[in-house]
Amino acid sequence: MTPFPVPHATASWWRTQLHRLDDYVSSDRVPEESDVVVIGAGIAGASVAYHLHQQNKGQKRLRVTILEARQTCSGATGRNGGHLKPDPYSSIGHIAAEHGMEAAAEVAEFERAHVDAITELVRTEKIDCDFVLTKAIDVQLLPEECRTAKANFDSLAAAGVKSVGRVAFYGRDDAEERCRVKGAQGCFTYKAGHIWPYKLVLHLLSHCVDQGANLYTNTPAQSVSSERDDYGRWTVTTPRGSIRTHHVVYASNAYTPAILPIYSGKIVPVRGVCCRIVPTRPVTRLTETYTLRWAEGEFDYLIPREDGSIIVGGAWNKYHQDKSNWYNVINDDEMIEPAREYFDQYMQRNFHGWEQSGAYVDQIWTGIMGYSADSLPHIGQVPGRPGQFIIAGFTGHGMPQAYLSGKGVAAMVSEGIPFAESGIPRLFETTQARIEHTRNDILESVQDLKQPRAKL
Ligand SMILES: Cc1cc2nc3c(=O)[nH]c(=O)nc-3n(C[C@H](O)[C@H](O)[C@H](O)COP(=O)(O)OP(=O)(O)OC[C@H]3O[C@@H](n4cnc5c(N)ncnc54)[C@H](O)[C@@H]3O)c2cc1C
């Protein structure tokens, strides 16, 4: 397997209106020196670069160079479900069971803060990215699973976890009418959003380029030196030349182990699938986002768009049994064949009022997530490598985690603040102990569906 992003990825609907920076290069050769090199132009890299500029406004301009192996925002961020959904009670319960209520509550508040931060960002920067603030509806479709979810929810509430207080629960008598999903056994609702992720990222990066950042697409970082030179600089090698820098930020998601092998087996490429469904006849529009939970560990997620279409991802139960479909797979240039037809008639099957909609799958694509072996992202200073930082492994849940993580990483890089002051949850800090641990939640979650998986 080539550990770098593959060319000719399947066409994601988010990448149908390409920005002028989509295949931009600032010059034929990369600069010989840069203050910071950010590897990866998805939401994580864009956020780091954007905040480096914001935090250094009015000061000596930092030279920031962004390297992207393919086109700008052509990785997971440009191929996802567009769901900005903080988790106030579901995975938080798993985190609380393992790490305690306080640490879990910190994660919940951090995710919640993303909704406000992105709302504010879109408003103040006037970003044209179809951002909609709405409610998420988590629909439970099996009675037993619904009882378990409600019991977990109640125990978090009893323990005083604040985020749970912002969630409403509807039991079997009301759920189906509330959410319009056939066979709903119960549902939880809370504040969430949806967005056109590509447009958000491209806006942030164009701001950076306007402020003097260098952006090189189709320019992979092929390696980073294992030692620093006499001036304390690392060397990043690309096909357009080498860059010497004091700071490297790995925002390279699933592909990080290719250039930082200590994360092999700690951040694993996991392939997922999304599609766009378009109704052909008038239908009562959905206004909220959904997760349809078929069973523990098996769910689909969808957002309604203003143009009447639906973006939906999931189909897990069609393909997870054979891990060659998804585990350690970087081929987003291919479909996951067993999932290809899963979304046909999806809205007609599952939503009241959509039976006569004539809805059909207009576009379907795959994407590569960076799953973390212990289910938590790796963020902060890379152990043993001063000046190198990682922000990766969001385990299918980057939209409510990556933006403010990028802000924290930018402050660690440019102001030298320690992780503990970065505003990022303590559990996300990358450490030698986490790197050395042999657990693999990703595979265990398939053997035992009660283990946490992606947390959409
Ligand atoms: C099908 C699918 C659906 C999803 N749905 C949702 C959702 O609805 N909500 C949600 O919260 N999350 C969702 N996710 C997960 C979410 O998209 C990710 O967590 C998030 O986008 C990760 O952002 P990132 O910047 O870390 O990674 P990416 O967006 O993948 O960016 C990393 C970039 O690094 C580049 N790169 C890698 N190696 C190198 C190198 N050596 N040199 C230069 N560049 C390199 C890659 O080409 C890529 O562009 C989904 C993901 C997928 C695939």
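As the structure lists them, so they are numbered: ligands from 1, and atoms in each ligand from 1.
Side-chain contact between Leu21 and Val209: present, with at least one pair of heavy atoms (C-beta onward) separated by less than 4.5 Å.
Residue Trp365 does not touch ligand 1, judged by heavy-atom distances below 4.0 Å. When non-hydrogen atoms are compared, ligand 1 lies under 4.0 Å from the backbone of Ala251 (N, CA, C, O) but not from its side chain. When heavy-atom distances to ligand 1 are checked against a 4.0 Å cut-off, Pro5 comes that close only through its side chain, counted from C-beta outward. Contacts between Ile259 and ligand 1, counted as non-hydrogen atom pairs separated by less than 4.0 Å, involve the side chain only.
Residue Gly81 has at least one heavy-atom neighbour below 4.0 Å for each of these atoms of ligand 1: 3 (C), 4 (C), 5 (N), 6 (C), 7 (C), 8 (O). For ligand 1, the atoms closer than 4.0 angstrom to any heavy atom of Arg79 are 1 (C), 2 (C). The atoms of ligand 1 that sit less than 4.0 Å from any heavy atom of Ala69 are 43 (C), 44 (N), 45 (C). Heavy-atom contacts of Gly82 reach the following atoms of ligand 1: 8 (O) (cutoff under 4.0 Å).
Salt-bridge formation is detected for the pair Arg233/Glu33: a Lys NZ or Arg NE/NH1/NH2 atom is positioned less than 4.0 Å from an Asp or Glu carboxylate oxygen. Ion pair Glu337/Lys318 not flagged as a salt bridge, since none of the NZ, NE, NH1 or NH2 atoms sits closer than 4.0 Å to an Asp/Glu carboxylate oxygen.
Side-chain atoms of Thr289 and His83 include a donor-acceptor pair closer than 3.5 Å. Donor-acceptor pairing under 3.5 Å is recorded for the side chains of Asp87 and Ser91.
Contact between Ala402 and ligand 1 is absent, with no heavy atom of the residue lying under 4.0 Å from the ligand. Heavy-atom separations between Gly313 and ligand 1 are all 4.0 Å or longer.
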